Each structure stands twice: as structure tokens, then as C-alpha cells.
2 protein chains.
Amino acid sequence: MAKTSLALSRVYQLLEPGPVVLVTTANRARANVMTLSWHMMMEFEPPLVGCVLSARNYSFSLLSESRECVINIPTRELAAQVVACGNTSGRRRDKFAAFGLAPTPAKCVLPPLIRECYASLECRVVDRRMAGRYNMFVLEVVKAWLDRAVARPRTIHHMGRGAFMVAGQVIHLPSRKK
Amino acid sequence: MAKTSLALSRVYQLLEPGPVVLVTTANRARANVMTLSWHMMMEFEPPLVGCVLSARNYSFSLLSESRECVINIPTRELAAQVVACGNTSGRRRDKFAAFGLAPTPAKCVLPPLIRECYASLECRVVDRRMAGRYNMFVLEVVKAWLDRAVARPRTIHHMGRGAFMVAGQVIHLPSRKK
């Protein structure tokens with residue numbers, strides 16, 4: 001995937017449709033990746049993203065400590081890896097190697113981009129006050145990457161119990177809104 | 001739409017794919033409806049849903065005051081109404097009448113279900129502490145309704161600037177997770 005920079009003002013267009021994402025985290029020793037569907041936009045620019053992840057996850061402690069992550073958006077071709085990342089803990093396993101995902105250096109944060117994903121959003125935690133009660137973090141997207149050669153990304157959308165909806169046709173309606 | 005009760009434990013299957021929703025609110029005098037894409041699951045059961053809406057919206061004040069709403073999930077057939085609800089304020093206009101949406105009584109809350117939507121989730125606000133800083137409310141779904149005759153709901157997913165992705169095919173992968 002040949003990703004180039006995307007204006008931060010357009011990040012909402014990637015996340016609002018509700019794709020499953022692969023979130024990478026890291027400390028100085030190693031990186032990890034988890035599957036996540038519990039995210040939402042909270043502000044357009046700078047883009048703020050809320051996300052909730054189980055406190056039992058290894059990624060939760062990495063994110064709490066490092067306060068950085070990358071939200072990577074996979075497509076249909078990566079569905080098997082997405083499920084595998086969701087079913088496996090990275091505490092004692094390198095999921096990148098195990099599932100054939102290539103970590104590549106980010107520009108502003110320590111956790112890696114995932115080469116096979118068509119979009120990647122480098123994020124910093126800006127609010128942890130909801131982490132105790134709701135396992136929720138507020139992230140600010142500080143750098144966004146998009147492979148514009150992927151004209152119609154077939155993102156996948158979790159429906160539970162192993163079922164995923166694949167992004168279908170795009171329709172256009174006159175709108176006065178963003 | 002002939003909606004019947006849905007187990008609260010399955011609500012996440014409706015919201016995780018990221019559909020645009022129509023949120024109804026009400027006070028004793030009147031009801032309103034708005035279009036919303038900024039929502040996420042926060043807990044499975046009882047289902048908690050986070051949502052962010054602009055404080056400039058009439059629905060924001062109705063939700064702040066009444067602490068109740070209904071999340072209604074529309075499909076492709078309602079796309080024009082979804083955009084119209086997003087482009088119009090209900091402060092001085094009855095959007096139900098204007099756009100041909102039929103309000104029907106909810107069971108546990110004052111705001112109405114929307115008859116034309118295939119699923120409706122009756123919600124109560126359980127946390128307003130993030131409303132000041134992030135315009136965010138935490139909702140608990142107290143009653144869920146689903147029209148099971150809609151076998152493959154073609155939900156619509158906001159991509160910005162009048163573009164929407166329509167739900168495509170559903171794929172199944174072996175998964176150990178919910």
C-alpha cells in the first residue's frame with residue numbers, strides 16, 4: 001500500500017462509516033495489534049476519536065502507558081487476519097509475524113503503521129479520565145495516511161459472532177453538511 | 001415495519017457496523033428527530049452507547065433536559081429523509097411531518113420510535129459528565145425493537161459531503177468472540 005498524507009479535516013470520512021480497525025500500540029521493547037469496533041468521531045479538526053477497549057487486553061496497558069496508537073483500517077482481503085488478531089492476545093505472541101502483517105514506522109508516534117491497511121491514523125491519547133469507568137480513551141489524530149489507489153475500499157463492519165458486513169455501493173445525495 | 005422485542009445482549013450487533021441513525025428526543029410539548037453518525041458501543045449488557053452531538057442542535061437541549069432518546073436505524077430507502085433530517089433544525093419545524101416519518105409510542109421512554117426504521121433502541125442518559133467538554137452522552141439501551149422480516153438491512157454509512165456507503169454482502173468467519 002502506497003500511503004500518502006491525508007488532511008486531518010478529512011479523517012472523519014474514514015471513521016464515520018464504522019469500519020473494523022486494527023489498532024497498533026507499542027513500548028520500547030515491542031509492538032502489538034488488536035481488532036476494534038468500538039470507536040466514534042468526537043470532533044472534526046483536530047480530529048478526536050473516542051475508543052473503548054477491554055481492560056483485560058494487552059493493548060489496554062500499552063495504550064495507557066505509552067499514550068500513543070495507530071488506527072489502521074483494513075479491507076475485505078484482510079478479514080481472516082482481522083479475526084485472528086481479535087481472537088489472540090499479543091501478551092506472549094508477535095501477532096504481526098503470526099498473521100503476516102508488516103509493521104512500518106510511523107512519523108509522529110512509536111507504534112507502527114500496518115502496511116497492508118489502506119489507511120492509518122497516528123494518534124495520541126488526550127484524555128484518560130474515562131478509562132477507569134468506561135475503558136474509554138479520547139485520541140487526537142496527529143497524522144493521517146491514505147492509499148488513494150484504493151478507489152473503493154471494501155471495509156468490513158462487525159456484526160458479531162463471526163459475521164461482517166462488507167462495504168457496498170456508494171450513493172450521493174445533495175447535502176449542506178460536512 | 002413490524003418490530004418485535006430484541007434481547008439487549010444483541011444490541012451491539014446493530015450498532016457496531018456503524019450505521020447512520022435517526023435519534024428522536026422529546027419534551028412534553030413535542031418530539032424531534034436528528035441524524036447522527038457519532039456513536040459507539042461502550043458495553044455489551046446492559047448495552048451502553050456513547051454518542052456525540054453538536055450543542056447547537058435542538059436535540060442536544062432536549063436530550064440534556066429529558067435524558068431520554070430513541071436510536072432508530074434507517075435503511076437505504078430512507079436515505080433522502082436521513083439527509084433532510086441532518087440539514088434541518090427541528091426548533092421551528094416538525095420534521096416528522098415534513099419528511100414523512102411516523103412517530104409511534106415507545107414502551108419505556110417519552111421520545112417516539114420511527115415506524116419506517118427497521119430497528120429502534122429506547123435509551124436513557126446514564127452519564128452527562130462528558131457533555132460539557134465533548135458534547136458526549138452515555139446512553140443505556142433499556143428496550144430494543146427489531147423487524148426480523150428485514151433479512152438484510154441495507155443500512156447507510158456516512159462518508160461525508162453527501163456520500164453514503166450502503167451495506168453490502170455479509171461474510172462469515174470462524175470467530176471465538178462475540
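Labels below follow one simple rule: chain letters A, B, ... track the order of the sequence lines, proteins then strands, and each chain is numbered from 1. Fair warning: this is a prediction, and the values are worked out from it, not measured in the lab.
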So what's closer than 4.5 Å to chain A heavy atoms on B:L15: side chain, backbone, both or neither?
neither

Shared ILVMFWY cluster between A:L78 and A:M165, side chains joined below 4.5 angstrom?
no

Between A:P174 and B:V83 the two heavy atoms that sit nearest each other are O-CG1, 3.2 Å

Joint cluster assignment, B:L8 & B:V21, ILVMFWY side-chain distance < 4.5 Å:
yes

Atom group of A:R10 that falls short of 4.5 Å from chain B, counting heavy atoms
side chain

Return the minimal non-hydrogen interatomic distance between A:M42 and B:V52, and the atom names on each side.
O-CG1, 3.8 Å

At a heavy-atom separation under 4.5 Å, does A:M136 approach chain B through its side chain, its backbone, both, or neither?
side chain

Closest-packed option against chain A by number of heavy-atom pairs under 4.5 Å, given B:C51, B:P19, B:A84:
B:C51

Need one label for B:V82: side chain, backbone, both or neither, based on atoms under 4.5 Å from any heavy atom in chain A.
neither

Interface residue of largest heavy-atom contact number with chain A, from B:D127, B:L53, B:N135, B:L48, under 4.5 Å
B:D127

If you look at every heavy atom in A:V170 and B:A163, which pair is closest and at what distance?
CG1-CB, 4.2 Å

I'd like to know if the side chain of B:E16 reaches the main chain of A:M159, judged simply by a donor and an acceptor atom lying under 3.5 Å from each other, with no hydrogens or angles considered.
no

Residues from residues 107-123 of chain B approaching chain A under 4.5 Å (heavy atoms):
none

Is there side-chain contact between A:R133 and B:R129, with at least one heavy-atom pair below 4.5 Å?
yes

Which heavy atom in A:H39 sits nearest to a heavy atom in B:M40, and how many Å separate them?
O-CB, 3.4 Å

According to side chain to side chain donor-acceptor pair (under 3.5 Å), who are the partners of A:R154, at least two apart in sequence or on a separate chain?
A:E77

According to a 4.5 Å side-chain heavy-atom criterion applied to Ile, Leu, Val, Met, Phe, Trp and Tyr, with indirect links allowed, do B:I71 and B:F60 form part of one hydrophobic cluster?
yes

Where does A:V20 contact chain B at under 4.5 Å (heavy atoms): side chain, backbone, both or neither?
neither

Worked verdict on A:Q13 versus B:R161 for side-chain contact (heavy atoms from CB on, under 4.5 Å)
CA-CA 9 Å; A:Q13 298 182 284; B:R161 307 180 181 200; 3.9 Å; yes

Ranking A:R76, A:R152, A:M41 by heavy-atom pairs under 4.5 Å to chain B gives rank one to A:M41

Given that the side chain runs from C-beta out, which part of B:F164 has a heavy atom under 4.5 Å from chain A: side chain, backbone, both or neither?
both

Group every Ile, Leu, Val, Met, Phe, Trp and Tyr by side-chain heavy-atom contacts under 4.5 Å, then state whether A:V141 and A:V70 land in the same group.
no

For the atom pair CG (A:L173) and CG (B:N87), what is the distance rounded to the nearest 0.5 Å?
10.0 Å

Do the side chains of B:V138 and A:M130 get nearer than 4.5 Å, heavy atoms only?
no

Determine the minimum heavy-atom distance between A:S175 and B:G162, stating which atoms define it.
CB-CA, 3.8 Å

Flag the pair A:T155 / B:H157 as yes when at least one side-chain heavy-atom distance between them is below 4.5 Å, and no otherwise.
no

Tell me whether B:V142 is reachable from B:V23 by hopping between hydrophobic residues (I, L, V, M, F, W, Y) whose side-chain heavy atoms are closer than 4.5 Å.
no

Write down the atom of A:W38, the atom of B:E43, and the distance for their closest heavy-atom approach.
CZ3-N, 3.4 Å

